[in-house]
Amino acid sequence: ATVPVGTQPVSGAMAPDGTHFYVGNATCASVSVIDTASNTVSATVPQPGTPVGIAVSPDGLRYYVTNSNVNLVSQFKTSDNTTIAAAVASVSSPAGVAISADGAFLYVTNGGSSNLQMFTIDSSTGALTTNGFIGTGASPNFPGIAGNGNTFLATGRTFVANRAGALATTGTSGPSLTGGTLRANGASLSLFTPLSLGAGGGTIDTNGNTTSVTSVVSGTGALTKAGT
């Protein structure tokens, strides 16, 4: 089916349950909400600028839109397409947007300032609060959330956890250390996800931070601690 939307559609995001698809219309400053059951536009949501990136929260309750020409990230409820709160400022030419697997953080690439901006998502309201920056290469466009985190727990590799929920990126089977290193890159992390140790075992590097493992650790391999 072909569904007419606004002019110059440049981005899209699907709701987790597949019931709605969100389309950013660049030249008419709007987002078209498509009902996938009928393949019709159920709502047209005005934006403060040129929408470039869209992300829907993992629980399907909210969606977020980068508005590149006005350096803003707008935020909406999926239930009625009303704003959660006023749009929040990004640094320069926000483009891509992604949400962590646990729905706690939102990441925006700032093409004009060559960094990735992190926002905390309020667990009750969904409202955004800026939470720092990570330098990138020149003119980053679109971020992505890893779904195969166990790749970085293999021999010769390092999985860097900025927060305890980062291990959710290892998928439904959970994290499995097979010779790699799990580095705690945040203060006072409590790793609550069960860990499995393969034959190669693994290392937890505290990186100078206070780190605790509150989960079940199973498997045949050895677990080594590094760091102070």
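The backbone N or O of Thr82 lies less than 3.5 Å from a partner atom in the side chain of Asp80, making a donor-acceptor pair. With Thr125 contributing its side chain and Ala127 its backbone, the two residues share a donor-acceptor pair below 3.5 Å. Gln47 places no side-chain N or O within donor-acceptor distance of the main-chain N or O of Val65, the cut-off being under 3.5 Å. In terms of modelled atom types and a separation under 3.5 Å, the side chain of Thr66 and the main chain of Ala95 share a donor-acceptor contact. Side-chain N or O atoms of Ser42 include one that pairs as donor or acceptor with a backbone N or O of Val33 at under 3.5 Å. With hydrogens and angles disregarded, a donor-acceptor distance shorter than 3.5 Å links the side chain of Thr109 to the backbone of Gly96.
Summarising the geometry, atom OG belonging to Ser93 is positioned 10.5 Å from atom CG belonging to Asn141; distances are rounded to the nearest 0.5 Å. Distance check: Phe159 CZ to Asn150 CG gives 8.5 Å after rounding to the nearest 0.5 Å. With values rounded to the nearest 0.5 angstrom, Phe21 atom CZ is found 10.0 Å from Thr36 atom OG1. With rounding to the nearest 0.5 angstrom, the CG atom of Leu195 is 5.5 Å from the CD1 atom of Ile204. Note: Asp35 CG to Thr40 OG1 = 5.0 Å, rounded to the nearest 0.5 Å. For the atom pair CD1 of Ile54 and OH of Tyr64, the computed distance is 14.0 Å after rounding to the nearest 0.5 Å.
In summary, the side chains of Asn71 and Ser92 do not present any donor paired with an acceptor at a separation below 3.5 Å, with no hydrogens or angles considered. No side-chain donor from either of Ser212 and Thr214 sits under 3.5 Å from a side-chain acceptor of the other. Using modelled atom types, one finds no donor on one side chain facing an acceptor on the other under 3.5 Å when comparing Asn209 with Thr211. Side chain to side chain, Asn115 and Thr136 fail the donor-acceptor criterion of an N or O pair below 3.5 Å. Side-chain polar atoms of Thr83 and Gln75 form no donor-acceptor pair below 3.5 angstrom.
Scanning both residues, Asn81 and Ala43, for their nearest heavy atoms gives ND2-CB, 3.5 Å. Across Ala29 and Gly49, no two heavy atoms sit closer than the pair CB-O, 3.3 Å. Shortest non-hydrogen contact noted between Ser114 and Ala138 is OG-CA, 3.5 Å. Summarising the geometry of Val5 relative to Ser32, their closest heavy-atom pair is CB-OG, 3.6 Å, with the distance given to 0.1 Å. Across all their heavy atoms, Pro175 and Leu153 have their closest contact at CB-CD1, 3.8 Å. Asn39 approaches Ala1 most closely through the heavy-atom pair ND2-CB, 3.7 Å.
Val45 and Ile34 fall into different hydrophobic clusters, defined by Ile, Leu, Val, Met, Phe, Trp and Tyr side-chain heavy atoms under 4.5 Å apart, directly or through other members. Cluster annotation: Leu116 and Phe133 are assigned to distinct hydrophobic clusters (Ile/Leu/Val/Met/Phe/Trp/Tyr, side-chain heavy-atom contacts under 4.5 Å, transitive). No continuous path of hydrophobic side-chain contacts links Val31 to Val97 [ILVMFWY only; heavy atoms under 4.5 Å]. Under the 4.5 Å side-chain heavy-atom criterion for Ile, Leu, Val, Met, Phe, Trp and Tyr, Leu72 and Val91 are members of distinct hydrophobic clusters. Hydrophobic cluster membership differs between Met118 and Ile99, with clusters built from Ile, Leu, Val, Met, Phe, Trp and Tyr side chains linked at under 4.5 angstrom.
Taking Ile, Leu, Val, Met, Phe, Trp and Tyr as hydrophobic and joining them when side-chain heavy atoms fall under 4.5 Å apart, one finds Val216 isolated, its cluster having no other members. Cluster note: Leu61 groups with no other residue, as no ILVMFWY side-chain heavy atom lies under 4.5 Å from it.
Among residue pairs with one or both ends in residues 21-32, none qualify as salt bridge (Lys or Arg N to Asp or Glu O under 4.0 Å); sequence neighbours excluded. Within the structure, no pair that satisfies the salt bridge (Lys or Arg N to Asp or Glu O under 4.0 Å) test touches residues 116-134, not counting sequence neighbours. Sorted by first then second residue, the salt bridge (Lys or Arg N to Asp or Glu O under 4.0 Å) pairs that include residues 62-75, not counting sequence neighbours, are Asp59-Arg62. Each ring pair (Phe, Tyr, Trp, His ring centres under 6.0 Å) pair with one or both residues in residues 94-121, not counting sequence neighbours, would appear here, but there are none.
Annotation: side chain to side chain contact (heavy atoms under 4.5 Å, CB included) contacts of Ser30 (sequence neighbours excluded): Asn25, Cys28, Thr44. Legend: residues meeting side chain to side chain donor-acceptor pair (under 3.5 Å) with Thr155, ordered by chain and number and at least two apart, are absent. Residues passing the ring pair (Phe, Tyr, Trp, His ring centres under 6.0 Å) test with Tyr63 are Tyr22, Phe76, sequence neighbours excluded. Among residues two or more places apart in sequence or in another chain, the side chain to side chain donor-acceptor pair (under 3.5 Å) test is passed with Thr7 by Thr27.
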Would you mind writing out the side-chain donor-acceptor pairs for residues 182-194 within the sub-3.5 Å range, not counting sequence neighbours?
{"residue": "Arg183", "atom": "NE", "partner": "Asp205", "partner atom": "OD2", "Å": "3.3"}
{"residue": "Asn185", "atom": "OD1", "partner": "Asn207", "partner atom": "ND2", "Å": "3.1"}
{"residue": "Asn185", "atom": "ND2", "partner": "Asn162", "partner atom": "OD1", "Å": "2.9"}

Review item, side-chain donor-acceptor pairs of residues 8-16, under 3.5 Å, at least two apart:
{"residue": "Ser11", "atom": "OG", "partner": "Val52", "partner atom": "O", "Å": "2.9"}

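Val73 places a side-chain heavy atom less than 4.5 Å from the side chain of Leu128. You'll find the side chain of Asn67 stays beyond 4.5 Å of the side chain of Thr50, heavy atoms only. Within the 4.5 Å cutoff, the side chain of Val3 has heavy atoms near those of the Val41 side chain. Proximity of His20 to Thr78: side-chain heavy atoms (C-beta onward) are nowhere separated by under 4.5 Å.
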_Could you walk me through whether Thr151 and Arg157 satisfy the side chain to side chain contact (heavy atoms under 4.5 Å, CB included) test, starting with their C-alpha distance in whole Å, then the side-chain angles of each, then the deciding distance to 0.1 Å, before giving a yes or no?_
CA-CA 8 Å; Thr151 303; Arg157 298 188 175 184; 2.7 Å; yes
*Given Gln117 and Thr130, is the side chain to side chain contact (heavy atoms under 4.5 Å, CB included) satisfied, shown in steps?*
CA-CA 7 Å; Gln117 187 169 359; Thr130 189; 3.1 Å; yes
